[in-house]
Amino acid sequence: WKYRDRAYRYCLLDTGHLLENLMLSVRSHGFKLRVFYDYDDHLVNSFFGLDTEKEASLAVCSTLHDESQDLVPARHTWNELPDKAQEASNVSGREVKYETIIQIHTSTLHPMKRYNGSARMDNLLGLVTRDEMKIKELPSWPANLSYSEAVFSRRSRRNFINQPMTRSQFDSVLDALCMDRAPASGFCPISVALITGKINSLSPGFYLLDREVRTLRIVRKGRLLENMASICLDQAWLANASLHILFVSNLRVLDETMGSRGYRHAMLEAGRIGQIIYLLATSMGLGCCGVGAFYDDEATRILDLNESSKPLYLVAVGPVKAIK
Ligand SMILES: Cc1cc2nc3c(=O)[nH]c(=O)nc-3n(C[C@H](O)[C@H](O)[C@H](O)COP(=O)(O)O)c2cc1C
């Protein structure tokens, strides 16, 4: 009800945050988690008795997965859940059916296309970049909290102050953004752009991060944080952050290379990286807040992206009023 048709985006991004939390938590117990974006939705949904008029699975993960076994037992029909169980999942007395959401989700049910080409999303946004900076692999990050302390104290913080982010904090964010993630289909569905303000030893500007070869390239110098704050429905506090991390994708290319399931993949991936940044920022004593509310076309125009490239998610980071 709050986000209406746009809610589908939040479901995907939030699920990405949850997936990464689960991944880190499972890993902290010494296990591995495998995430599947591409699976048979009908089978999984019916296995869990989902009411597919209202509910959907968005990703599947397994721990201690045995590669030789099928992911889901190969039984194609399941007994319907009793009505009582289905009623229990009603969360509101009056439910509104958002046809657009159902249409979008239905179109993502097709299997993901495999991609063997060499195209890269970073080169498909219509941006011209220059001045390459190499991103260091750091032995450690200047974190003051343990993983579990960061999880328990993480909050969305918006009270950014007019103080610079240190260069080592910024380098840690870059290092975290470049952490190894093999794309699920041979094609990385998102690019990461950085809009920077006050950061020690870095000019304010608009940068593009190449996560594969670990370089940062400048697109344009000058402050853009105020423009971004106004694009984000005039959320003025955003202009005080040191850094906006913007996940972008060329939606036309995404559709052509991965099929319509690619959108789901892109949004889940953006949410997952967003969660890592939330935890890293918290552990370094910085504030962080995800932002899903923006005018897509305005962002495309201000950032000079080509017409089919759109922002998916923004994460703001920077020093905040003392965290108590
Ligand atoms: C995908 C996503 C989009 C969000 N968009 C906004 C936003 O546009 N503006 C805002 O102030 N907060 C935004 N938030 C922050 C949420 O309001 C916040 O996460 C939620 O209220 C829960 O609070 P917590 O993060 O402190 O636990 C967003 C968070 C996520 C995960």
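Being a predicted model, the structure only gives us computed values, none of them experimental. Counting convention: from 1, in listed order, for ligands and their atoms alike.
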- In terms of atom number and element, which parts of ligand 1 are under 4.0 angstrom from non-hydrogen atoms of Leu13? 1 (C)
- Query: Heavy atom of Arg157 under 4.0 Å from ligand 1?
  - Reply: no
- Message: Using a 4.0 Å cutoff against the non-hydrogen atoms of Arg158, which atoms of ligand 1 qualify?
- Response: 10 (C), 11 (O), 12 (N), 15 (C), 16 (C), 17 (O)
- Task: Would you check if there is a donor-acceptor pair between the side chains of Ser57 and Tyr39 at a distance under 3.5 Å?
- Result: yes
- So which protein heavy atom does atom 5 (N) of ligand 1 come closest to, and at what separation? Gly292 N, 3.0 Å
- Task: Using a strict cut-off of 4.0 Å, indicate which atoms of ligand 1 neighbour a heavy atom of Cys289.
- Result: 12 (N), 15 (C)
- Do Asp210 and Arg120 meet the salt-bridge criterion of a basic N to acidic O distance under 4.0 Å? yes
- Item | Closest protein heavy atom to atom 8 (O) of ligand 1, given as residue, atom name and distance to 0.1 Å | Gln235 NE2, 3.2 Å
- Task: For atom 23 (O) of ligand 1, find the nearest protein heavy atom and state the residue, atom name and distance (0.1 Å precision).
- Result: Arg155 NH2, 3.7 Å
- Task: May I ask you to identify the nearest protein heavy atom to atom 14 (N) of ligand 1, giving residue, atom name and distance to one decimal place in Å?
- Result: Gly290 O, 3.0 Å
- Message: Need the ligand 1 atom indices (1-based, order shown) with element for anything under 4.0 Å from a heavy-atom of Arg154.
- Response: 24 (P), 25 (O), 27 (O)
- Message: Between ligand 1 and Trp237, can you find any atom pair, the residue atom being a heavy atom, that is separated by under 4.0 Å?
- Response: yes
- Query: With sequence neighbours left out, what residues match Tyr278 under ring-ring contact (aromatic ring centres under 6.0 Å, His included)?
  - Reply: His17
- Decide, yes or no, whether a salt bridge links Asp296 with Arg6 under the criterion of side-chain N to carboxylate O below 4.0 Å. yes
- Which atoms from ligand 1 have a heavy atom of Tyr313 less than 4.0 Å away? 1 (C), 2 (C), 3 (C), 30 (C), 31 (C)
- Counting heavy atoms only, which of Leu238, Asp14, Leu12 is nearest atom 1 (C) of ligand 1? Asp14
- Message: If hydrophobic clusters are built from ILVMFWY residues whose side chains come within less than 4.5 Å, do Val291 and Tyr3 share one?
- Response: no
- Message: Within ligand 1, which atoms have a heavy atom of Ser156 less than 4.0 Å away?
- Response: 15 (C), 18 (C), 19 (O), 24 (P), 25 (O), 26 (O)
- Other than Leu233, what residues sit in its cluster of Ile, Leu, Val, Met, Phe, Trp and Tyr side chains whose heavy atoms are under 4.5 Å apart, directly or through others? Tyr295
- Numbered in order shown, the ligand 1 atoms found under 4.0 Å of a heavy atom of His17 are 31 (C)
- Message: Salt bridge or not between Asp175 and Lys136? Use side-chain N to carboxylate O under 4.0 Å.
- Response: no
- If you measure from the Lys or Arg side-chain nitrogens to the Asp or Glu carboxylate oxygens, is any gap between Asp41 and Arg264 under 4.0 Å? yes
- Within a distance under 4.0 Å of any heavy atom of Ala293, pick out the atoms of ligand 1 and give their elements. 8 (O)
- Query: Are Tyr8 and Tyr10 connected, step by step, through hydrophobic side chains (Ile, Leu, Val, Met, Phe, Trp, Tyr) whose heavy atoms are closer than 4.5 Å?
  - Reply: no
- Item | Parallel, tilted or perpendicular, as decided by the 30° and 60° cut-offs, for the rings of Phe247 and Tyr313 | parallel
- Query: Distance below 4.0 Å between atom 20 (C) of ligand 1 and any protein heavy atom?
  - Reply: no
